[in-house]
Amino acid sequence: MASLSLQPKFSLHPNNSILHFHPQNKPQIIFFTRKVKIKTKTKCSSIDPQQQQQKQRESFTRKKKSVTETEKGVDPVGFLTKLGITHKAFAQFLRERYKSLKDLKAEIFTRHLNLQEMASGFEILGTHRHKEHRVDYMDWAPGARYCALVGDFNGWSPTTNAAREGLYGHDDYGYWFIILEDKLREGEEPDELYFQQYNYVDDYDKGDSGVTIDEVFQRANDEYWEPGEDRFIKNRFELPAKLYERLFGPNGPQTLEELGEIPDAETRYKAHKELHKDDPPSNLPPFDVIDNGKEYDIFNVVADPAWQEKFRNKKPPLAYWTEIRKGRKAWLKKYSPAIPHGSKYRVYFNTPDGPLERVPAWATFIQPDAEGKQAYAIHWEPPPEHTYKWKHTAIKPPKSLRIYECHVGISGSEPKISSFNDFTERVLPHVKRAGYNAIQLIGIVEHKDYFTVGYRVTNFFAVSSRYGTPEDFKRLVDEAHGLGLLVFLDIVHSYSAADEMVGLSRFDGSNDCYFHTGKRGHHKYWGTRMFKYSDLDVLHFLLSNLNWWISEYKIDGFHFHSLASMLYTHNGFASFTGDLEEYCNQYVDNDAVKYLILANEILHALHPNIITIAEDATFYPGLCEPTSQGGLGFDYHVNLSASEMWLSLLKNTPDHEWSMSKITSTLLGNKNYADKMLVYAENHNQSISGGQSLAEILLSQGNDKAPQSNELLLRGSSLLKMTKLITFTIGGRGYLNFMGNEFGHPKRVEFPMPSNNFSFSLANRCWDLLEKEGVYQDLFRFDKDMMKLDKNERVLSRGLPNIHHVNDTNMVISYLRGPLLFVFNFHPTDSYERYCIGVDEAGEYQVILNTDERRYGGQGIVKEEQYLQRTISKRADGLRNCIEVSLPSRTAQVYKLSRILRI
């Protein structure tokens with residue numbers, strides 16, 4: 001049950017870009033401008049006004065110094081300094097962005113208590129069940145004049161549950177608030193207590209015990225107040241009545257002379273103490289008032305330390321309030337829900353251009369329009385027995401990532417849309433068996449058109465209903481955690497679908513609610529809507545969306561899709577030469593950059609184990625640098641050039657013309673960030689909607705029914721294994737594979753669309769190929785052993801490789817990574833019997849992986865007795881020793897230093 005009040009956990013200092021954690025119960029320090037004398041029973045000290053002012057100045061200096069110390073770790077151009085880059089314009093751009101970010105944070109704190117509140121809008125926005133037998137609805141629509149919730153629960157009436165502008169329910173920022181009271185059942189009496197609370201999960205609660213509210217409050221008073229402390233609580237008019245009677249009663253003074261001179265405060269106080277010296281201790285004040293007679297000294301108070309400690313430890317009797325809370329059975333007996341579980345609803349707005357209906361922006365379950373029907377939200381509030389119970393805890397992120405990219409809808413073998421449950425039962429065990437340690441899900445967030453693969457999101461807080469319910473998705477994530485798999489979500493915050501009836505476009509009738517107006521509000525080529533990242537409420541929406549997927553579904557990380565679309569006003573469709581001027585000119589959307597910095601800061605503060613991956617074709621400088629050093633704060637970045645290179649080589653370049661230098665330089669990418677690189681030989685983009693996978697290019701003759709020659713199969717299988725192995729082992733700490741490509745899926749993916757008459761024939765995966773002996777089973781066996789290589793030898797987490805041998809003539813590549821030696825011969829015809837490769841350590845090297853083994857579909861030219869090689873004391877490739885290896889054409893071998901020889 002979401003609460004309207006959030007417990008502050010941390011805050012972001014408006015003048016700093018790093019997080020500051022504060023104790024929640026720290027006492028407030030108050031400074032007085034006049035001299036104050038503090039006395040205790042054991043010590044008395046006096047501070048004159050000059051000393052007081054001096055102490056205040058010193059305190060201010062200490063505060064200023066502490067802020068400066070916290071900013072010592074912040075350098076807006078830190079990563080430029082680290083990399084030795086000097087570029088005056090870009091450095092100035094970073095400094096101005098840092099100042100702008102501080103101003104943005106200061107503005108945020110004028111609206112939100114802390115960062116948790118900024119990123120937790122889902123706790124109050126949308127529909128939420130309140131403890132006081134009602135449902136609260138809240139949404140943001142600044143352009144609307146009237147707001148109502150319509151659905152099958154109220155006959156789609158726009159007047160039954162409404163909040164109008166100017167009345168309670170609409171604030172200055174454009175947030176609408178509607179309360180839907182549960183309906184009292186026939187024959188039931190209203191609750192005796194106006195603020196009666198209910199527990200909607202447990203059948204019974206303390207309030208069902210039959211104890212009345214009067215008895216609860218009586219026990220609270222008896223246990224909370226000390227004897228005599230509640231005297232004036234029970235008789236609140238006793239003291240003013242006595243004063244009135246003394247002054248104006250029949251026995252009171254009738255004239256000023258009779259009134260006489262009123263003693264000073266000290267005399268009256270001493271007289272009061274003398275009068276009550278025999279009273280119980282609880283009736284006496286636990287402090288003394290003293291005056292030393294100086295002009296500027298009005299009075300001082302000395303409190304009893306024991307009483308002060310006792311007072312601080314007193315807690316208000318709020319716990320007793322829970323004793324009146326009743327259980328679920330009592331609620332269902334007395335009330336029927338205002339919005340029953342599964343109800344269909346929409347939000348109704350009256351705008352300057354007329355009335356309109358929209359799917360609520362914060363809805364968590366949507367039914368997109370199908371077969372010409374209008375879309376609607378579904379109120380998701382399942383009973384406790386149907387709510388998914390989490391079994392497994394989140395797992396810690398590994399040092400290297402082996403990601404299996406999936407699309408739930410096409411994960412089955414049948415020509416239909418697969419479900420979350422199908423994926424959980426069939427695909428997750430396969431991923432675990434294949435040796436991957438993470439899955440990345442695409443197309444999970446609700447989208448109207450299936451053929452868009454989920455990249456034109458319409459409802460950001462909802463899982464796609466075409467795959468199942470929110471509870472089904474929770475089960476998927478939980479079972480993945482149980483198998484030791486991280487779960488990443490492909491998130492699209494760079495643009496949104498342009499649909500108005502189901503999406504955010506013109507949500508409140510205006511054109512600039514969530515998005516920019518004019519041309520800037522539309523993607524240059526895709527027609528999607530571009531977010532207005534400068535608006536605090538848009539930031540509130542997007543940041544809350546990220547936190548929602550983690551809080552509700554325990555997602556372990558995000559793959560931020562197509563950052564180039566949001567980072568530049570030209571949406572990334574421009575030529576980049578690598579000059580830093582291109583990353584700080586007028587085409588850079590600075591507001592989008594600041595949003596990404598905020599997102600990474602907040603996510604890593606709220607969820608320290610979260611992983612964020614940046615997909616940016618332009619590789620914006622500082623993507624994976626800390627935000628405190630001028631970076632954007634991502635954990636990984638995607639090397640998009642690798643897959644494009646392999647596709648170009650296989651389709652356009654003859655085998656004997658491949659450049660080994662180009663392959664190594666492209667795969668290694670930017671050396672400064674290679675350790676944070678996520679690389680893949682191919683991903684879903686090469687398999688979807690008309691594209692070809694590498695296996696389809698290498699293993700197909702253009703006719704699926706035509707028999708494939710052994711020579712073609714050998715070439716295709718060999719190149720597939722080599723491209724995967726070198727991509728996997730030469731890059732950074734992350735590797736990605738699209739579902740099915742681990743065994744060379746022979747067919748592309750094509751989603752149902754008008755061009756194919758909405759056919760599902762290619763919108764699936766041929767898992768049955770793994771059950772048959774042949775090339776697909778061989779490729780899967782190799783991919784499985786390749787994943788095992790990283791698991792056993794920690795290849796990806798060993799740091800960058802030492803590429804010491806690149807021969808374009810012989811088409812041979814070799815490099816060292818830790819104790820492992822990798823050797824590749826890409827030549828299509830030439831084999832080498834005793835090829836010399838340099839190594840640093842003298843010793844014995846054992847082959848632990850060979851692409852040419854027969855169980856991988858190879859020829860087995862290198863025999864097992866040749867797997868052990870001893871070094872020769874001869875310099876090669878700039879290293880002290882070398883080994884002579886047998887290299888058949890189109891093969892690769894992995895050696896491990898098994899024994900070190902001391903000379």
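We use all heavy atoms of the structure for the numbers below, so side chains are in, but hydrogens, waters and symmetry mates are not.
A side-chain donor-acceptor contact under 3.5 Å links Glu582 and Thr577. Of the N and O atoms on the side chains of His481 and Asp556, at least one donor lies less than 3.5 Å from an acceptor on the other residue. Tyr533 and Asn590 are not linked by any side-chain donor-acceptor pair at a separation below 3.5 angstrom, with hydrogens and angles left out of the test. Looking only at atom types and distance, the side chain of Thr618 has a donor-acceptor partner in the side chain of Asp616 under 3.5 Å away.
For Phe560 and Phe634, the gap between ring centers is short of 6.0 Å. Under the 6.0 Å cut-off for aromatic ring centres, His522 and His516 do not qualify, their centroids lying 6.0 Å or more apart.
At distances below 3.5 Å, at least one donor-acceptor pair connects side-chain atoms of His604 with backbone N or O atoms of Asn600.
Evaluated for a side chain to side chain contact (heavy atoms under 4.5 Å, CB included) with Phe541, the options Phe122, Trp140, Tyr514 yield exactly one hit, Tyr514. Checked against Phe460 for a ring pair (Phe, Tyr, Trp, His ring centres under 6.0 Å), the options Trp549, Phe531, Tyr495 give a single hit: Phe531. Screening Asp171, Asp535, Asp172, Asp537 for a salt bridge (Lys or Arg N to Asp or Glu O under 4.0 Å) with Arg111, the sole residue that qualifies is Asp537. Partner of Tyr583 under the ring pair (Phe, Tyr, Trp, His ring centres under 6.0 Å) criterion, out of Phe576, Phe619, Phe93, Phe90: Phe576 alone.
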Asp589 vs Arg520, salt bridge (Lys or Arg N to Asp or Glu O under 4.0 Å): CA-CA, chis, key distance, verdict: CA-CA 11 Å; Asp589 189 342; Arg520 191 176 175 186; 3.2 Å; yes
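Within the structure, every pair that satisfies the salt bridge (charged side-chain N to carboxylate O under 4.0 Å, His left out) test and touches residues 505-514, not counting sequence neighbours, is listed here: Asp353-Arg506.
In this structure, Tyr553 and Trp548 have perpendicular ring planes: the angle between them is above 60°, well past the 30° mark. His447 and Tyr467 have tilted rings, their planes meeting at an angle from 30° to 60° on a 0 to 90° scale. Ring orientation note: the planes of Trp362 and His540 are tilted relative to one another, at an angle of 30° to 60°. Between His523 and Phe573, the ring planes lie perpendicular to each other; the angle is over 60°, past the 30° to 60° tilted range.
Between Arg456 and Asp499 there is no salt bridge, since no side-chain N of the basic residue sits under 4.0 Å from a carboxylate O of the acidic one. Between Lys105 and Glu601, at least one side-chain nitrogen of the basic residue sits less than 4.0 Å from a carboxylate oxygen of the acidic one, meeting the salt-bridge criterion. Salt-bridge formation is detected for the pair Asp790/Arg402: a Lys NZ or Arg NE/NH1/NH2 atom is positioned less than 4.0 Å from an Asp or Glu carboxylate oxygen.
Between Phe488 atom CZ and Thr612 atom OG1 the span is 9.5 Å, to the nearest 0.5 Å.
Judged as a side-chain hydrogen bond (donor to acceptor under 3.5 Å, both in side chains), and not counting sequence neighbours, the contacts of Ser505 are Arg529.
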